[in-house]
Enquirer: 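This is the structure I have questions about; it appears just below.
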Amino acid sequence: MITSCRSRATLLAVGLGFAVVATSVQAADKLVGNADAGQAEVSSVCAACHGADGNSTDPQYPKLAGQHAAYIEHQLASFQSGKRSNSIMSGMAGMLSKQDIANVAAYLSQQKTSPGPVDTDQAALGKSIYDNGIAAAGLPACESCHGPKGLGDSAKLYPRIAGQHAQYVVQVLTGWHNGQAWGDGPHAKLALSVGQKLTVEQIHAIAAYVQGMNAVQ
Ligand code: HEC
Ligand code: HEC
């Protein structure tokens, strides 16, 4: 009896030892997000615009559900530094610590994106641009970075865009079309050049397609 207690205690100690080592290695590199704490933060602050599970109902606010954690962290840091400028989000991001950011990113990335309605008239042109780009304008296929299903690539910080509100996608692409960059880093420049190679009509078509991507997938 005593022996078995002691061996259990030893196992526990060994287990804790590993846990402590793992945490300190992670902390030196990158904060580990706590999704429960993130959910509490989202429901008290962010839900008013982005929805409690990150699926905003008002299409002027982006859906954040299912977005890559690394991309959410990257954008919140850009709002904090002023590289990406938005009067509402600068204030919101300014209140968050690095740990808060890791927490909300962990929670939001684990939520499921709700599909948006498909506008079949517009979406056909949008799909053609998405899949093939526009050679004459020097525009690469959106698919080459955002993936065939619009799921992006977390390691490269290419966002998920499938299911995003068309109104928000139009807002973002129109901003780039008009030369409003999200900073001067390589990704911001890349996004700017995408927006500038699209016409206003093409922007609306592509946004209609992107919004319905979940539904057709
Ligand atoms: C009052 C409304 C409002 C609230 C509250 C709000 N946001 Fe936002 N959020 C916005 C708007 C508007 C944008 C789009 C900004 C733009 O167009 O650049 C945005 C954009 C974002 C983006 C960028 C998404 C993307 O796809 O690029 C992230 C991430 C984000 N918000 C996270 C949060 C978090 C986390 C909270 C809570 C701490 C929060 N927001 C609270 C309105 C809000
Ligand atoms: C060469 C890679 C590449 C291509 C091609 C590309 N994108 Fe992107 N896209 C990016 C990157 C990188 C970002 C993030 C920009 C940043 O972080 O400043 C982005 C961001 C976006 C966003 C904003 C997402 C958000 O919510 O923050 C939208 C919308 C978007 N792209 C749509 C498109 C569309 C539509 C096309 C095709 C016409 C396209 N992209 C082609 C790399 C690409």
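Atoms within a ligand are numbered from 1 in the order they appear, just like the ligands themselves. Along the sequence shown, residues are numbered consecutively beginning with 1. Just the heavy atoms: all of them, side chains too, but no hydrogens, waters or symmetry mates, feed the values below.
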Enquirer: Test side chain to side chain donor-acceptor pair (under 3.5 Å) on Asp58 and Gln60; report intermediate values, then the result.
Expert: CA-CA 6 Å; Asp58 182 338; Gln60 68 176 302; 3.1 Å; yes
Enquirer: Pick one of side chain, backbone, both or neither for how Tyr71 approaches ligand 2, counting any non-hydrogen atom pair under 4.0 Å.
Expert: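 Contact part for Tyr71 vs ligand 2: side chain (C-beta onward).
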Enquirer: Can you confirm whether Ile134 sits close enough to Gln202 that some side-chain heavy atom of one is under 4.5 Å from a side-chain heavy atom of the other?
Expert: yes
Enquirer: Would you say the ring centers of His187 and Tyr158 fall short of 6.0 Å from each other?
Expert: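 Yes, the ring centres sit under 6.0 Å apart.
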Enquirer: Counting both backbone and side chain atoms, is some N or O of Gln75 under 3.5 Å from an N or O of ligand 2?
Expert: yes
Enquirer: Applying a strict 4.0 Å limit to heavy atoms, is Lys197 in contact with ligand 2?
Expert: no
Enquirer: Would you say Gly183 touches ligand 2, if touching means a heavy atom closer than 4.0 Å?
Expert: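 In this structure, Gly183 fails to qualify as a contact of ligand 2 - no heavy atom is under 4.0 Å.
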Enquirer: Can you list the residues that meet the side chain to side chain contact (heavy atoms under 4.5 Å, CB included) rule with His50, with sequence neighbours excluded?
Expert: Cys46, Tyr61, Pro62, Leu64, Met89
Enquirer: Among all protein heavy atoms in this structure, tell me which lies nearest to atom 25 (C) of ligand 1, with the distance rounded to 0.1 Å.
Expert: Tyr168 OH, 3.4 Å
Enquirer: If I only include protein atoms of type N, O or S, how many are less than 2.8 Å from atom 8 (Fe) of ligand 2?
Expert: 1
Enquirer: Side chain of Asn103, backbone of Asn34: donor and acceptor closer than 3.5 Å?
Expert: yes
Enquirer: Using a 4.0 Å cutoff against the non-hydrogen atoms of Ser144, which atoms of ligand 2 qualify?
Expert: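 Atoms satisfying the 4.0 Å criterion: 5 (C).
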Enquirer: Tell me, please, which residues at least two apart from Ser87 pass side-chain hydrogen bond (donor to acceptor under 3.5 Å, both in side chains).
Expert: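 Scan of Ser87 (side-chain hydrogen bond (donor to acceptor under 3.5 Å, both in side chains), adjacent residues dropped) gives none.
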Enquirer: Once you restrict to heavy atoms under 4.0 Å, what part of Leu108 touches ligand 1? Side chain, backbone, both or neither.
Expert: neither
Enquirer: Taking the non-hydrogen atoms of Gln67, is any one of them nearer than 4.0 angstrom to ligand 1?
Expert: no
Enquirer: What protein heavy atom lies closest to atom 22 (C) of ligand 1? Include the residue and the distance to one decimal.
Expert: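 The closest heavy atom on the protein side is Phe79 CE1, 3.7 Å.
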Enquirer: Measure from atom 16 (C) of ligand 1 to every heavy atom in Gln164, Arg84, Gln171 and give the option owning the shortest one.
Expert: Arg84
Enquirer: Closer than 2.8 Å to atom 8 (Fe) of ligand 1, which protein N, O or S atoms?
Expert: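 For atom 8 (Fe) of ligand 1, the protein N, O and S atoms that sit under 2.8 Å away are His50 NE2, Met89 SD.
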Enquirer: Should the proximity of Tyr209 to ligand 2, defined as any heavy atom under 4.0 Å, be assigned to the side chain, the backbone, both, or neither?
Expert: neither
